[in-house]
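Input: a single structure, listed below in structure tokens.
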Amino acid sequence: MRWIVVGASTIAAEYMIRAFRAQPGGEVRRVVSSSATRGQEYAERHGIPHADTDLASALADPETDAVYISTTNEKHLEQALAAIAAGKHVLCEKPLAMTAAEAARMVVAAREAGVTFATNHHLRCSGSHRAIRDLVAQGRVGRVLSLRIFHAVHLPPHLQGWRIDNPAAGGGVIPDITVHDADTARFLLGDEPLSVVASMSASGMGQGVEDSAMSVWQMASGAMVQSHESFTHPFAGTGLEIHGTEGSIFASGVMTQQPVGRVELVTARGREEVPFAATDLYTTGVAEFVAATRGEGRPAATGEDGVKSLAIALAVRDAALSGQRQAIQYPDL
Ligand code: NDP
């Protein structure tokens with residue numbers, strides 16, 4: 001698959017370009033940046049043959065099959081619609097857009113154009129999360145009562161930028177991390193949040209956007225989810241717990257970009273370590289995306305998954321702003 005990378009971004013540099021090239025025949029042919037200088041430097045640094053400032057001329061390259069979008073969030077919609085209109089498959093970063101309705105437009109456009117459109121929710125591609133999902137699906141914890149997600153981290157200085165001070169670019173911990181946790185809850189439990197209560201704050205990093213959020217979600221099954229995200233917690237560590245009528249799962253260090261962490265299952269039989277595959281999350285996600293473009297299976301996180309995770313995250317923000325329980329408004333798809 002021959003890729004156009006839209007956005008001279010950190011995530012592409014640190015993870016995605018390598019993941020594209022790790023696939024058989026995987027090639028990154030062009031990078032699109034709003035700055036000619038930055039785009040050219042980025043292309044040279046990463047061995048990408050072409051740098052463009054004009055998305056349309058990049059999309060006109062017939063030697064490309066797919067577009068990866070990792071610009072700031074407010075640009076995703078227009079860029080995705082252009083790529084879809086050009087007949088390219090699209091892997092788009094989370095959050096898909098600034099509103100769930102905009103994200104739904106992307107999904108519908110891709111469906112009508114007959115191209116694959118997916119969301120880069122990498123945690124679904126983690127061996128730890130897949131092992132946990134399997135335990136839940138096999139009934140090893142019985143009926144799920146609750147999920148607690150611990151995703152309060154310290155945002156490293158090189159990622160602070162627009163995330164901590166630019167609401168117009170989609171800054172704030174809720175579009176950045178709560179959206180991942182929303183997808184994680186749906187993935188692990190196979191269940192949908194119906195409503196949320198929430199609180200948020202700026203606790204030292206956020207300037208005009210929240211840098212911390214806590215929320216409680218009521219799931220369709222009756223289970224409850226408690227979710228905590230932050231940019232300002234250097235030593236909190238990450239993890240999740242699932243508690244059911246027959247067992248509990250304790251996972252530590254698993255809300256991460258790396259294939260690391262520990263998973264334990266506790267039941268009446270005692271405590272057991274749960275093994276999982278330590279494969280690269282992003283390479284797995286790209287492999288499943290490429291297979292889906294060939295009609296084999298589906299992407300790890302579809303466009304529909306990205307719309308729902310965004311709807312949930314935005315309901316968390318609305319609940320925190322209003323102080324009222326928010327019913328989640330999922331767009332019709
Ligand atoms: P970056 O801040 O690294 O890049 C975003 C945009 O910022 C780039 O497209 C680029 O614009 C611009 N930019 C980059 N460097 C500079 C600079 N030195 N000066 C001015 N502008 C600059 O963002 P991230 O890579 O952290 O995030 C990009 C997207 O990916 C977001 O949507 C984010 O939510 C998502 N993401 C997803 C992750 C995941 O695991 N799924 C992890 C991290 C991010 P231009 O392209 O015009 O040059």
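Counting starts at 1 for both ligands and their atoms, in listed order. Because only heavy atoms are used, hydrogens play no part in the values below, and waters and symmetry mates are left out as well, while side chains stay in. On a predicted model such as this, the values are computed, not experimentally measured, just so you know.
- By heavy-atom distance, the residue among His180, Glu93, Glu41, Lys75 lying nearest atom 36 (N) of ligand 1 is Glu93.
- Annotation: His76 places an N or O atom under 3.5 Å from an N or O atom of ligand 1; distance criterion only.
- Among all protein heavy atoms, the one lying closest to atom 7 (O) of ligand 1 is Thr72 CG2, 4.4 Å.
- For Arg2, the side-chain contact (heavy atoms from CB on, under 4.5 Å) partners are Glu27, Glu63, Asp65, not counting sequence neighbours.
- Listed by first then second residue, pairs satisfying ring-ring contact (aromatic ring centres under 6.0 Å, His included) with a partner in residues 169-213 read His121-His180, His122-His180, not counting sequence neighbours.
- Among all non-hydrogen protein atoms, the one lying nearest atom 15 (N) of ligand 1 is Arg38 CD, 3.7 Å.
- At a heavy-atom cutoff of 4.0 Å, ligand 1 is contacted by the side chain of Trp162 but not by its backbone.
- Protein heavy atom closest to atom 31 (C) of ligand 1, with residue, atom name and distance, is Asn73 OD1, 3.4 Å.
- Comment: Glu304 does not engage Arg298 in a salt bridge, judged by the lack of any side-chain N to carboxylate O separation of less than 4.0 angstrom.
- In terms of polar-atom proximity, defined here as any N/O pair under 3.5 Å, Ala8 does make such a contact with ligand 1.
- Other residues, nucleotides and ligands contribute more than 12 heavy atoms inside 6.0 Å of the CD atom of Gln218.
- If you number the atoms of ligand 1 from 1 as listed, the ones under 4.0 Å from a heavy atom of Asp176 come out as 34 (O).
- Remark: Arg140 does not engage Glu246 in a salt bridge, criterion side-chain N to carboxylate O under 4.0 Å.
- Protein heavy atom nearest atom 25 (O) of ligand 1, with residue, atom name and distance: Ile11 N, 2.8 Å.
- Side chain of Asp52 to main chain of Asp54: no donor-acceptor pair is present (N/O by atom type, distance under 3.5 Å, no hydrogens or angles).
- A salt bridge links Asp305 with Arg124: at least one charged nitrogen is closer than 4.0 Å to a carboxylate oxygen.
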